[in-house]
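For reference, the structure discussed in these notes is given below.
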Amino acid sequence: MSSSTRNEIEAVFRSESGRVLSHLMRVLGDMDLAEDALQDACAEALTAWPRDGLPRQPAAWLTTAARRRALDRLRSRRRRPEQEAMIEEATPDPRDPLRELEQQLDWPIADDRLQMIFLCCHPALAREAQVALTLRTLGGLDTRAIARAFLQPESAVSQRLLRAKQKIAEAKIPFRRPRESELPERLPSVLAVLYLVFNEGYSASGGDRVLREELCDEALRLAKLVAGWMPDEEEAQGLLALLLLSDARRAARLDADGELVLLEHQDRARWNARQIEEGRSLLLHTLSRQRLGPYQLEAAIAAVHADAQRFEDTDWAEIAALYDRLLALRPSPVGELNRAAALLHVHGPAHALATIDALLAREPRMADYVYAHVARAEMLRRLSRRDEARGALERALALARTEVDARQLQRKLAELAD
Amino acid sequence: MRYMLLIHSNEIQEAGMSEEAMGKIMAEYYTFTEELMKSGALRAGDRLRPTTSATTVRVRNGDTLTTDGPFAETKEQFGGYYLIDVPDLDEAIRWASKIPSAKYGCVEVRPIWEMEG
């Protein structure tokens with residue numbers, strides 16, 4: 001098999017496995033069995049598809065194969081007859097292939113995936129487990145890919161997945177669509193997981209790559225699904241708008257050498273105009289319903305940046321005002337720091353520096369936050385207090401967790417020395 | 001599926017409550033237990049005497065060691081439980097969140113390890 005065929009097939013696996021696995025999970029009620037059966041089916045496909053060509057409905061093909069393999073596995077186990085009855089019931093009459101195809105085309109597929117994401121992001125699971133499970137089951141990322149994306153040892157990720165699946169089975173976390181009344185409690189963890197996955201892709205927290213595109217793509221894809229399933233949930237729409245608007249800048253965030261380009265210096269012609277328009281119109285529609293939430297506000301801030309043709313045209317007063325509303329809804333020291341950085345362009349560096357220093361005095365934990373010192377250094381530099389600016393940058397450099405940040409800071413230090 | 005709802009709260013704080021406040025909580029417990037009973041989910045439930053009345057027993061090398069007090073000093077103490085039978089964890093969490101003590105203490109939800117056969 002040529003490597004391009006193999007890549008093509010693997011791309012199909014990745015895009016379809018979430019649907020298939022979710023469906024198998026509903027039918028089998030056992031995540032391990034569902035995963036094993038899907039793996040069997042994929043192995044079968046790797047032999048059959050290069051020979052017969054790609055099926056027109058790859059998800060249907062994989063599901064049919066996986067159901068058969070699940071049955072084989074259950075028969076060989078011979079321990080859970082009630083499960084076997086369930087799958088036989090769910091499998092259409094094998095003598096009627098036409099009906100089988102019909103039924104497969106009619107699956108309420110999206111519903112299964114919706115249940116799956118609520119299962120993976122169940123609040124009874126730890127956040128790290130929620131993230132890993134979501135990427136594993138709906139993103140089709142294997143343990144190694146998840147470990148690589150989050151710079152964690154593969155063994156730690158597989159342990160986490162194992163424990164999470166054990167808890168789902170032992171504590172009996174249900175596989176079902178949450179009731180309307182449960183959404184306020186359940187939806188936030190789904191949105192938080194997608195936000196986290198996107199951010200990890202957008203500004204990786206470690207390693208030498210700025211962007212982890214596969215995580216951005218996955219978060220965006222899942223956020224689209226969730227927003228599509230829940231058109232009445234303003235924050236689900238707000239998150240999608242935020243991801244669309246941020247992701248639109250992706251290409252401009254890297255220079256030719258793969259180094260991070262800050263907003264100020266980005267070539268705005270490289271922003272994805274179509275995606276900005278999509279995010280903007282979604283946001284405007286959502287804001288008109290007047291049920292404001294943090295994701296909508298973050299999206300609004302991203303939209304103000306997108307509106308500016310040049311960095312100098314940015315409406316900083318509007319951005320600072322949006323941060324005020326965001327902080328009122330969701331207080332956070334990092335949000336306060338961002339607000340202070342916006343204030344630089346409204347009230348000047350002295351005011352912004354005083355705000356940052358007040359924040360550092362009030363929130364001692366912020367002393368360990370690299371960007372607090374980067375922001376301080378910027379204000380000090382603008383006030384021509386070069387020695388202090390250098391001190392702040394050195395402090396930041398000592399705290400930098402990624403090579404990308406370290407290189408960026410070293411460049412700034414060199415500029416100060418000139 | 002059976003779950004144990006383990007109720008933890010600060011018993012010193014509770015001991016310091018006014019009679020009126022305590023009475024209100026007891027009334028809430030009464031209502032809650034009624035509701036749980038009517039739903040058919042209740043299997044058992046009790047309130048425990050404070051940890052000042054607790055005795056901890058260990059057997060080491062065949063010797064029984066008996067000490068005064070709870071097994072560990074904690075900020076909140078185990079003070080009561082409900083054993084319920086519900087379809088899944090979401091239902092168990094729903095009941096746990098209605099336990100009056102959940103408003104100031106906490107409730108640990110533990111699935112029962114069912115013995116096979």
Side-chain angles (χ1 to χ4, degrees), chain A residues 22 25-32 34 74 77-84 86 111-112 114-127 129-130 133 137 162-190 193, chain B residues 1-9 28 31-46 72 74-76 78-117:
Chain A
S22 305
M25 180 65 191
R26 170 157 66 78
V27 175
L28 301 167
D30 176 334
M31 202 181 282
D32 277 330
L74 282 172
R77 279 200 226 162
R78 274 279 164 224
R79 282 184 49 213
R80 295 184 180 167
E82 77 281 4
Q83 249 178 348
E84 196 173 322
M86 266 160 63
D111 287 358
D112 286 346
L114 180 63
Q115 291 168 29
M116 187 61 124
I117 201 165
F118 276 100
L119 175 69
C120 294
C121 299
H122 196 281
L125 299 169
R127 178 58 38 93
Q130 295 173 347
L133 267 181
T137 58
L162 187 74
R163 270 202 298 270
K165 283 189 274 184
Q166 240 163 18
K167 176 152 187 190
I168 289 172
E170 285 173 3
K172 203 167 175 193
I173 300 180
F175 186 76
R176 64 172 177 79
R177 198 189 185 106
R179 284 184 281 269
E180 195 74 26
S181 63
E182 291 170 317
L183 277 179
E185 194 208 341
R186 301 288 307 278
L187 187 58
S189 68
V190 171
V193 163
Chain B
M1 175 107 171
R2 290 188 302 159
Y3 295 86
M4 186 75 116
L5 310 181
L6 303 155
I7 302 161
H8 295 78
S9 58
E28 284 173 10
T31 314
F32 169 77
T33 312
E34 278 281 283
E35 193 189 340
L36 189 55
M37 207 158 11
K38 276 197 192 119
S39 80
L42 181 67
R43 289 295 168 272
D46 286 293
T74 46
K75 249 197 274 173
E76 292 181 321
F78 179 39
Y81 72 93
Y82 286 96
L83 180 66
I84 61 173
D85 196 344
V86 290
D88 57 46
L89 183 65
D90 280 354
E91 274 301 294
I93 290 173
R94 201 173 64 79
W95 285 114
S97 69
K98 289 184 168 186
I99 293 179
S101 299
K103 287 199 287 280
Y104 50 93
C106 63
V107 179
E108 186 176 331
V109 179
R110 296 275 292 268
I112 298 293
W113 196 319
E114 302 286 0
M115 294 299 152
E116 292 189 23

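Convention: sequence-line order gives letters A, B, ...; per-chain numbering from 1.
Remark: B:D88 pairs with no residue by the salt bridge (charged side-chain N to carboxylate O under 4.0 Å, His left out) rule, at least two apart or across chains. Residues passing the salt bridge (charged side-chain N to carboxylate O under 4.0 Å, His left out) test with A:K165 are A:D32, A:E35, sequence neighbours excluded.
For a residue to count as touching a neighbouring chain, one of its non-hydrogen atoms must lie under 4.5 Å from one of that chain's; by this rule B:I93 touches chain A with the side chain only. The part of A:A124 that comes within reach of chain B is its side chain, from C-beta onward, which places non-hydrogen atoms under 4.5 angstrom from that chain.
Counting non-hydrogen atoms of neighbouring residues, nucleotides and ligands closer than 6.0 angstrom, the CD atom of A:E185 reaches no more than 12 such neighbours. Heavy-atom contacts from other residues, nucleotides or ligands closer than 6.0 Å to CZ of B:R94 number more than 12.
Salt bridge present: A:R186 and B:D90 bring a charged side-chain N and a carboxylate O closer than 4.0 Å.
The shortest non-hydrogen separation linking A:E170 to B:P111 is O-CB, 3.5 Å.
Within the model, atoms CG of B:L89 and CG of A:L125 stand 9.0 Å from one another, a figure rounded to the nearest 0.5 Å.
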